[in-house]
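A short worksheet on the structure shown next.
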Amino acid sequence: MQKLLIQLDSDKHPSAFDGITAYDAGVDHVLAYGGVGVDDVRNLVYGAMFTRGGDALKNSAIFIGGSSVQAGERMLKAATDAFFGPVRVSVMADPNGANTTAAAAVLKIIRATSVAGKGAAIFAGTGPVGVRAATLLAKEGARVVLTSRSLARAQQAAQDIKERFGLDVIPLEVSDEQAVARALDGAAVALAAGAAGVQLVSKAVWVAQPVLEVVADINAVPPLGIEGIKATDDGKPRDGKLAFGALGIGGLKMKIHRAAVARLFEQNDLVLDVEEIYAIGKAL
Ligand code: NAP
């Protein structure tokens, strides 16, 4: 029986990236829907639920993408709300690549050094990738500081993490070099999670941090979030620290994405959100 992936995308055109990755993960056919609103999800999911019964249900699965992470989160809820009893199919959410990217960044970091009990500063951590990376690092036992240009936004992100995952992260406003240095004080890990093309941490500041072990950055667009590293760095020693750039992290992100899609077809009741996708990456 063919493995069919139903791709639900809130953008006008369903992501070619997600479609190609699905085929590379071994999917036989992708049914891609663009411009999907939350109200459209239930009927599209019913199409997967009511066609192949019993054990064959695992050959149909749902992928939720799109550039809006908030829309993707609502679509995931709508999809899981449509299921009942054993009549369900596996579903993965990775809107804007946020789950796979955060998982890859944190896995690179924890494979470079143990983070439990150590400080980790997530710069511009208020975006979808930053919030997820902060969550995963806190789950690994790091003492996470999450920065923003606005204290209120950092506090909101910290509150969201507390409410959803029961984890504490420390919000911090960072608007100048002194504040960057304060965020890094005692940190073993610096992760830049800011918007594309925005430098957040200057080289002079990070090289001067004595206990800093790892600098990582998920922005591939110059200028990079962390000055003095390269996007291709994949554990490259730089000034006594190990550096990871967006492309170095991106290779693992692709592996995690493909592995997670492949897992969808092993059973019919998986829900792959950030924690489950991270666990799949960890097992690779
Ligand atoms: P985002 O939401 O676009 O931005 C993250 C944070 O950056 C924002 O919440 C904002 O924080 C801060 N920011 C925005 N403009 C800024 C500016 N001009 N100066 C300083 N800070 C600014 O980011 P995201 O979607 O989470 O993605 C994070 C990074 O990962 C991006 O660079 C993106 O390109 C990259 N990414 C890569 C992949 C991949 O597959 N490799 C996938 C997804 C994302 P405050 O307003 O709170 O300061």
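All ligand and atom numbering here is 1-based and tracks the order in the structure. Worth saying up front: this structure is predicted, and the values here are computed from it rather than measured.
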Subject >> Heavy atoms of other groups near Gln267 CD, more than 12 under 6.0 Å >> reply: yes

**OP:** Among all protein heavy atoms, pick the one closest to atom 8 (C) of ligand 1 and tell me residue, atom and distance.
**Re:** Thr126 OG1, 3.7 Å

Original post:
Are any side-chain N or O atoms of Ser150 and backbone N or O atoms of Ala152, one a donor and one an acceptor, separated by less than 3.5 Å?
Top reply: yes

Original post:
Do NZ/NE/NH1/NH2 and the carboxylate oxygens of Lys77 and Asp81 come within less than 4.0 Å?
Top reply: yes

Subject >> For atom 19 (N) of ligand 1, closest protein heavy-atom neighbour >> reply: Val198 CG1, 3.2 Å

Original post:
Any idea which atoms of ligand 1 are less than 4.0 Å away from a heavy-atom of Ala124?
Top reply: 5 (C), 6 (C), 7 (O), 12 (C)

**OP:** Check Pro222 against Ala220 and note the closest heavy-atom contact, atom names and distance.
**Re:** CD-O, 3.6 Å

Subject >> ligand 1-proximal atoms of Arg153, by part, heavy-atom distance under 4.0 Å >> reply: side chain

Original post:
N/O to N/O below 3.5 Å, does that happen between Ala98 and ligand 1?
Top reply: no

Original post:
Any non-hydrogen atom of Ala193 lying under 4.0 Å from ligand 1?
Top reply: yes

Subject >> Side chain, backbone, both or neither: Val69 near ligand 1, heavy atoms under 4.0 Å >> reply: neither

Subject >> ligand 1 contact by Pro128, heavy-atom criterion under 4.0 angstrom >> reply: yes

**OP:** Verify the distance criterion only: is there a donor paired with an acceptor across the side chains of Asn268 and Arg88 at less than 3.5 Å?
**Re:** no

Subject >> Contact atoms of ligand 1, heavy-atom distance to Ile218 under 4.0 Å >> reply: 28 (C), 29 (C), 30 (O), 35 (C), 37 (C)

Original post:
With a cut-off of 4.0 Å, which atoms of ligand 1 are near a heavy atom of Asn219?
Top reply: 32 (O)

Original post:
Between the side chains of Arg52 and Ser60, does any donor sit under 3.5 Å from an acceptor?
Top reply: yes

Original post:
When Val91 is tested against each of Ile64, Leu270, Leu272 for side-chain contact (heavy atoms from CB on, under 4.5 Å), which residue passes?
Top reply: Ile64

**OP:** If the plane angle is over 60° it's perpendicular, under 30° parallel, otherwise tilted; pick one for His257 and Phe63.
**Re:** parallel

Original post:
Asn96 heavy atoms, cut-off 4.0 Å: which ligand 1 atoms fall inside?
Top reply: 25 (O), 42 (C), 43 (C)

Subject >> Minimum-distance protein heavy atom relative to atom 44 (C) of ligand 1 >> reply: Val129 CG2, 3.8 Å

